[in-house]
Every structure is written in C-alpha cells, then in structure tokens.
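To start, the structure itself, in structure tokens.
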Amino acid sequence: MANEDIIKQWVISELEKIGFSLTKNNLAKESVENTFPSLYDAMKHASKKQNDNRGVADFSFITQGVSSSNKYLVLIETKDDISNTINLNNQILILDEKSTENYAVNGAVWYAKQIQKESKLFPHIFAIGIGGNMNRQSIIPYYINETGGFIPLPKTNGLSEFSPENIDEYYRVNVKHQTPQSEIKSEELAKIASKLHNDIRTYTSLKNSLKAPLVAAILLGIHSKELSLSDLKSSDTMNNNDGVVIYRAVQSYLEQRQREEPDFDDSKVQPILSEFSFLKINKALYMPNKNLADHSPLYEFTSVLFDVYNKVKIGEDADILGDFYSEFVKYNDSDGNVLGIVLTPKHITSLMADLIEITAKDYLLDPTTGSGSFLVAGMNRMIKSIPRDQKYQDHFDEVVSNHLYGVENEPSIYSVAASNMILRGDGKSNMTYGDFFKYVRNSEEKENSDFTISKAPHITKVLMNPPYSQGKKAPEYKFVKHALKLMDDGGKLAVIMPISVLVSGGKGVSSSELKDFKQWLLDDYYIDSIITMNPLTFYPTATQTVVVIIEKRVGIGQGKKKTKLINFTDDGYTLIPKKGLVPNGTNKQKREKLIDVVVNDGDAPEDFLIKTELTVDNEWLHNAHYTNPDKPTDGDFMQTIQDYVAFKQNMILHGRGDLFGEN
C-alpha cells in the first residue's frame with residue numbers, strides 16, 4: 001500500500017464513524033461525477049496545477065445540519081507526511097502553485113475558492129487538510145464563504161465535528177463566533193452578575209469583600225423558603241429593615257438545620273452569620289432610594305436573585321454562586337487578587353474530577369475551597385454515579401452529608417463556599433473555617449486547641465487549586481504536601497497550579513527546597529500525569545498552569561514507573577473578544593482523548609504524550625522532552641529569511657551594520 005493510501009484509509013474509517021461511506025454513495029473518493037454531478041461541474045477549472053484544467057479533491061461529501069437548513073460541502077485533501085499538511089508564510093496561507101500541489105490544506109482551500117468562483121450552489125464549504133498516517137495525524141480545517149474568503153479554524157483530533165449532529169454548532173461557534181449552546185446559560189448568568197455588580201457599586205458603598213457574601217445571603221434567604229419579596233418593605237428602622245429581614249430568614253433556616261442535624265453546629269453556623277451581619281447595619285443597602293421607586297437596593301437585588309434562583313435548577317451543573325463570585329473578583333481592586341485567589345473555570349473543575357474518577361464511594365477534600373467549585377464538581381460526579389434505584393435518596397443523603405470536605409481560611413469566602421454547598425444540598429457539617437495547615441487527622445493533635453481535627457473517616461480523593469504566589473510562608477507546594485499527608489494510602493490527588501512550581505518551586509522557594517519536595521514525592525507517591533494546560537485557561541490572568549495527578553503509595557513510591565507528560569495546550573477552548581474563553585466545538589473530543597490517556601492509559605502521539613521516568617534532576621514537563629520531528633515547510637524557510645532580513649535592517653538603522661560587514 002502506497003504511503004498516501006494509508007492516510008486515505010484512515011480518513012475513510014473516520015468518516016464511516018459519522019455516517020459517510022463509499023458504499024452509501026454519500027461520500028466521493030476523488031471522482032465526484034456520479035455522486036455529486038453539480039460539484040463535478042463546479043470543479044472544471046479547479047486544478048491545483050492552476051492550469052485551468054479540472055480539479056478533483058481526495059474526498060468530498062455534503063453534510064446537512066440538524067438544527068438548521070444549512071448544507072455544508074466538505075473537501076478533504078491528504079498527504080502522507082505531516083510536514084506537508086499546511087504551508088504558511090507569516091501565518092498567511094500561501095496559494096501559489098507549488099503550495100497548492102504539495103500541501104494538503106493549501107490544495108483543499110484552492111479547490112474551495114475555485115468552486116465558489118464557478119458556482120453559487122455551495123455557500124458553505126469546509127476545506128480540510130490531513131497529513132500523517134494511521135498512528136499520527138494533523139487535521140487542519142478552513143472555512144470558505146460564498147465570496148471565496150477563507151478563515152482558519154481550530155485543529156481537530158478527528159472528523160466528528162463535521163457530522164450532521166455537530167456541524168451546525170461547529171459552524172455557529174467557529175464561523176459566526178456565536179456563544180456555544182452549552183455556554184448560553186452561563187453567559188446569561190454572567191450578564192446578570194455583571195449588571196448586579198454594577199448596581200451594587202451604584203447604589204451602595206459596599207466593600208469588594210462583601211459583594212459575594214451579599215449575594216450568598218440573599219440566595220440562602222430565598223432557599224430557606226422563609227423569605228418573600230413582599231417581606232421587604234424598605235423600612236428605615238434598625239429593627240425591621242430589609243437587611244434584618246433577610247438576615248433573620250437565613251438565621252432561622254440555619255438554626256433549623258442545627259436542630260435537625262447534630263453535626264451542623266455553631267462552629268459552622270456562626271462564621272456564616274457573622275459574615276452576613278453587615279446586612280443589618282449598612283444603611284445604603286436597606287434605605288429607600290428614589291431612583292428605585294422608593295424600594296431599597298436590597299429589594300432590587302433580591303428581586304433579581306429570585307428570578308435567577310427560580311430559572312436555574314440547583315441540581316444541575318450550574319454553579320450560581322461560583323458564577324457571581326467569578327464576576328466579583330475579576331477586577332483589579334477586588335478581594336480575589338489581593339488574597340491570591342485564582343478561580344478555577346468550571347470546565348477545568350469537572351475535568352479534574354473526571355481525571356481522578358470520583359464516585360459516590362469516595363471521600364473528597366478540597367483544602368482551599370474558595371467559592372466551592374471543586375466540591376460542586378465532585379458532588380455532581382458522585383451523584384451521577386449513584387444507581388437510580390429504590391435506595392437512591394438514602395445514597396444521595398449519605399454522599400452530600402458525609403463524603404464532601406472543605407477548608408477555607410478567609411471568612412468572606414468561607415461564607416460563600418458554605419452557602420454554595422447548602423444550595424447544592426450538602427448538609428454543610430463538613431465545611432471547616434480555619435487554617436488548612438492546622439487541619440489534621442492525627443489523634444495526637446487533639447489536645448492542641450490550635451488544630452482542627454477532620455471528621456472525615458477517609459480522604460480518598462483531593463481536588464485543589466492552592467492560593468497563588470503566597471511567598472515563603474505558604475508556597476503552593478506546601479499546600480499539596482499537606483493534602484497528600486492527609487490522604488489515605490491509595491488515594492488520588494489532582495491539583496492545578498502554576499507551571500513555575502515544577503520548574504523553580506514558585507515564589508520564595510529555593511532550588512534545594514524544590515529538590516527535597518520532588519524527592520519526598522518520589523519516595524512515597526506515584527506521579528501519574530503532569531498535564532500542561534491551555535495558557536489562556538485563567539484568562540485574563542496570565543498564568544501558565546499544569547494539572548498534576550498524584551497517587552499515594554507509601555513505601556512503594558514512584559519506583560521505575562513512568563509518568564505521563566501531556567501537552568494539553570490545545571484543549572478546544574478559544575478566546576473570543578468580549579466573550580472570554582469559550583469551547584470551539586473541538587473541546588469534547590479533546591477532553592475525551594485526555595481522559596482516555598490518563599484514566600485508561602491510552603496511547604497518543606509524542607506531540608501529545610511522552611512517558612518518562614522522573615528524577616529530582618530532570619524536567620517534569622512535556623516540552624522539555626519533546627522534539628518536533630516534522631520537516632520545516634517552505635513557509636517556515638521564507639519566514640526565517642524574512643526575520644533575518646528584518647533583524648539585519650534594524651541593526652543597520654541603529655548603527656550596527658558592522659555586525660554584517662556593512663560600513
């Protein structure tokens with residue numbers, strides 16, 4: 001079999017998975033005369049040799065979306081060498097004769113442009129270049145509109161985006177730049193949160209650190225069923241103002257929970273009520289305002305949040321308080337940045353829960369709880385694993401009451417996290433307010449009142465995002481180390497942290513201290529995977545991160561087992577102006593690929609996965625071990641020449657022509 005026949009066979013196999021095959025006569029391989037006569041006519045002058053002769057793509061098919069009447073023509077060109085997938089010069093696709101003949105993407109786009117010039121029957125064309133073999137492929141799509149204009153699209157791992165079920169969404173997100181369906185509810189919440197944030201700033205003088213607790217208190221009051229909008233009468237008295245009404249509703253609800261649940265004690269309730277006490281005394285919150293039809297700002301805020309609470313089903317994956325908290329700490333002057341808080345995106349918390357396979361049998365700890373998003377993600381996965389039988393409710397109650405544990409040291413954030421978990425159905429007996437480094441499981445510490453004894457019978461899984469850049473007192477690795485000490489033997493931890501922690505140890509950490517930590521890990525733990533994440537994951541914060549999966553193996557340690565070093569910088573999420581980081585339609589398959597590699601030990605090309613033995617001295621990152629084997633393209637060569645000429649000219653203009661023999 002010729003080399004290019006191999007990649008063509010791979011394409012045929014992939015297209016069969018999404019319903020297109022030669023036997024069904026809905027896929028054309030090379031000749032399209034019988035399958036798509038109108039396409040045959042449209043390619044009569046489309047030769048890649050650009051000699052006005054007929055052209056013929058390696059593969060052609062037409063896919064129609066399910067949610068629209070759009071029909072999309074898909075053209076695929078293949079090459080047996082990944083180096084011949086695409087030729088760019090200064091990031092611009094080259095469409096000269098040599099490039100269209102020798103490079104898959106260039107040829108496919110050329111065909112599409114000629115079709116658009118010749119015919120108006122195919123207003124939507126996807127041109128895909130695929131280079132490689134059965135084991136490794138590079139798949140690069142472009143979109144060509146009815147005028148022949150073209151845009152690059154995100155790389156894919158397969159061809160599932162072009163199935164009838166997925167093509168409309170793929171087109172909406174990548175061509176029209178519309179919000180993905182999966183993100184619409186989150187976007188609506190973000191808009192509400194943004195408006196509410198602006199209203200809080202307009203009508204009150206509330207400190208940044210109290211904004212999220214304000215929302216938490218109102219939502220808890222609504223959740224209690226003891227608060228109605230008609231209760232808020234905009235009174236200006238100290239004893240019966242709107243803040244007092246909301247506070248009493250929350251207080252009554254928490255006291256009722258105390259009576260019903262012995263573990264729901266004052267150590268959990270009092271920090272929440274203490275943080276909510278500002279409601280009773282802040283006049284700007286409860287005084288009537290002429291600009292609000294003589295209602296109080298609290299009345300207006302509660303009205304908005306009643307609508308949010310009733311529209312968003314609490315049992316779904318939606319994390320209302322997490323979304324509001326994200327809105328309130330993303331500004332430079334907010335509490336989040338001051339405290340070193342970097343909120344973990346929802347798609348990352350759920351991914352990390354998947355990577356360590358959390359189930360209802362696990363006991364989960366989040367040592368640095370923040371708004372509670374990791375506990376929400378873990379609880380969602382636990383609940384989904386409960387069999388839907390007659391004992392479902394008993395299992396559900398057991399999980400939310402006894403299998404989730406969190407620690408938070410900042411009082412305002414603790415009140416938000418505790419409220420968040422109550423809204424999710426957790427009994428809240430296991431959220432601890434205090435210093436994580438004084439959170440212990442050792443019985444010998446019980447005599448020391450400075451320590452908090454964990455009530456967890458086990459800690460089998462840990463999800464965490466330690467506070468960033470806290471300096472010598474609490475660098476990120478110390479949070480990881482203490483969490484690992486608390487975890488049961490055989491347990492698994494997933495942590496997301498700055499890449500610098502593995503390279504230099506982070507802020508205030510010496511090289512010898514980093515080596516000691518690495519050796520400590522290798523002695524009693526197995527570092528299963530180190531995953532380099534999308535550099536835009538925490539946008540707009542410029543923090544390059546890794547996710548590390550660690551298994552506790554006391555007395556065994558790493559041994560000779562190899563660690564999976566993974567390049568997940570292309571995770572299927574794209575930055576779109578004014579929308580932020582959103583899924584681009586390739587995220588699902590890329591997530592599934594990562595989970596297969598980490599959980600199932602699936603295989604992958606070296607540009608994605610390298611397995612290596614870790615030592616204290618070698619680099620613990622994928623890019624330190626990977627060398628790109630691809631040959632430079634013509635475009636790469638031309639770019640290097642252009643860079644050199646530009647550099648030389650710049651030196652001459654600045655009086656350094658002597659570097660090049662110029663006088």
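Values below: all heavy atoms of this structure, side chains included; hydrogens, waters and symmetry mates excluded.
For K518 and D617, the salt-bridge test fails: no basic side-chain N is under 4.0 Å from an acidic carboxylate O. The pair D489-K552 does not count as a salt bridge, with every side-chain nitrogen at least 4.0 angstrom from each carboxylate oxygen.
Sorted by first and then second residue, the pairs that involve residues 348-386 and meet ring-ring contact (aromatic ring centres under 6.0 Å, His included), not counting sequence neighbours, are Y363-H403, Y363-H458. Sequence neighbours left out, the pairs with a member in residues 507-532 that pass ring-ring contact (aromatic ring centres under 6.0 Å, His included) are Y477-F517, W520-Y525.
Remark: D366 pairs with no residue by the salt bridge (Lys or Arg N to Asp or Glu O under 4.0 Å) rule, at least two apart or across chains. In this structure E551 satisfies the salt bridge (Lys or Arg N to Asp or Glu O under 4.0 Å) test with no other residue, sequence neighbours excluded. In this view, T532 satisfies the side-chain hydrogen bond (donor to acceptor under 3.5 Å, both in side chains) rule with no residue, not counting sequence neighbours. Residues passing the side chain to side chain contact (heavy atoms under 4.5 Å, CB included) test with D523, sequence neighbours excluded: Q519. Residues forming a salt bridge (Lys or Arg N to Asp or Glu O under 4.0 Å) with K611 (at least two apart in sequence, or on another chain): D601. The side-chain hydrogen bond (donor to acceptor under 3.5 Å, both in side chains) test applied to S350 returns R591, not counting sequence neighbours. Partners of Q393 by side chain to side chain contact (heavy atoms under 4.5 Å, CB included), not counting sequence neighbours, listed by chain and number: F396, D397. Residues satisfying the side-chain hydrogen bond (donor to acceptor under 3.5 Å, both in side chains) test with N600, not counting sequence neighbours, are D596. In this view, R381 and D354 satisfy the salt bridge (Lys or Arg N to Asp or Glu O under 4.0 Å) rule, not counting sequence neighbours. Checked against side chain to side chain contact (heavy atoms under 4.5 Å, CB included), N628 has the following partners two or more places apart in sequence or in another chain: R136, Y626, D630.
Atom NZ of K361 sits in a sparse spot, with 12 or fewer heavy atoms from other residues, nucleotides or ligands closer than 6.0 Å. The number of heavy-atom neighbours closer than 6.0 Å to OH of Y392, taken from other residues, nucleotides and ligands shown, is above 12.
Distance alone, capped at 3.5 Å, is enough to place a donor-acceptor pair between the Q558 side chain and the I527 backbone.
Cation-pi check for K593 over F608 is met; the charged atom lies under 6.0 angstrom from the ring centroid and within 45 degrees of its normal.
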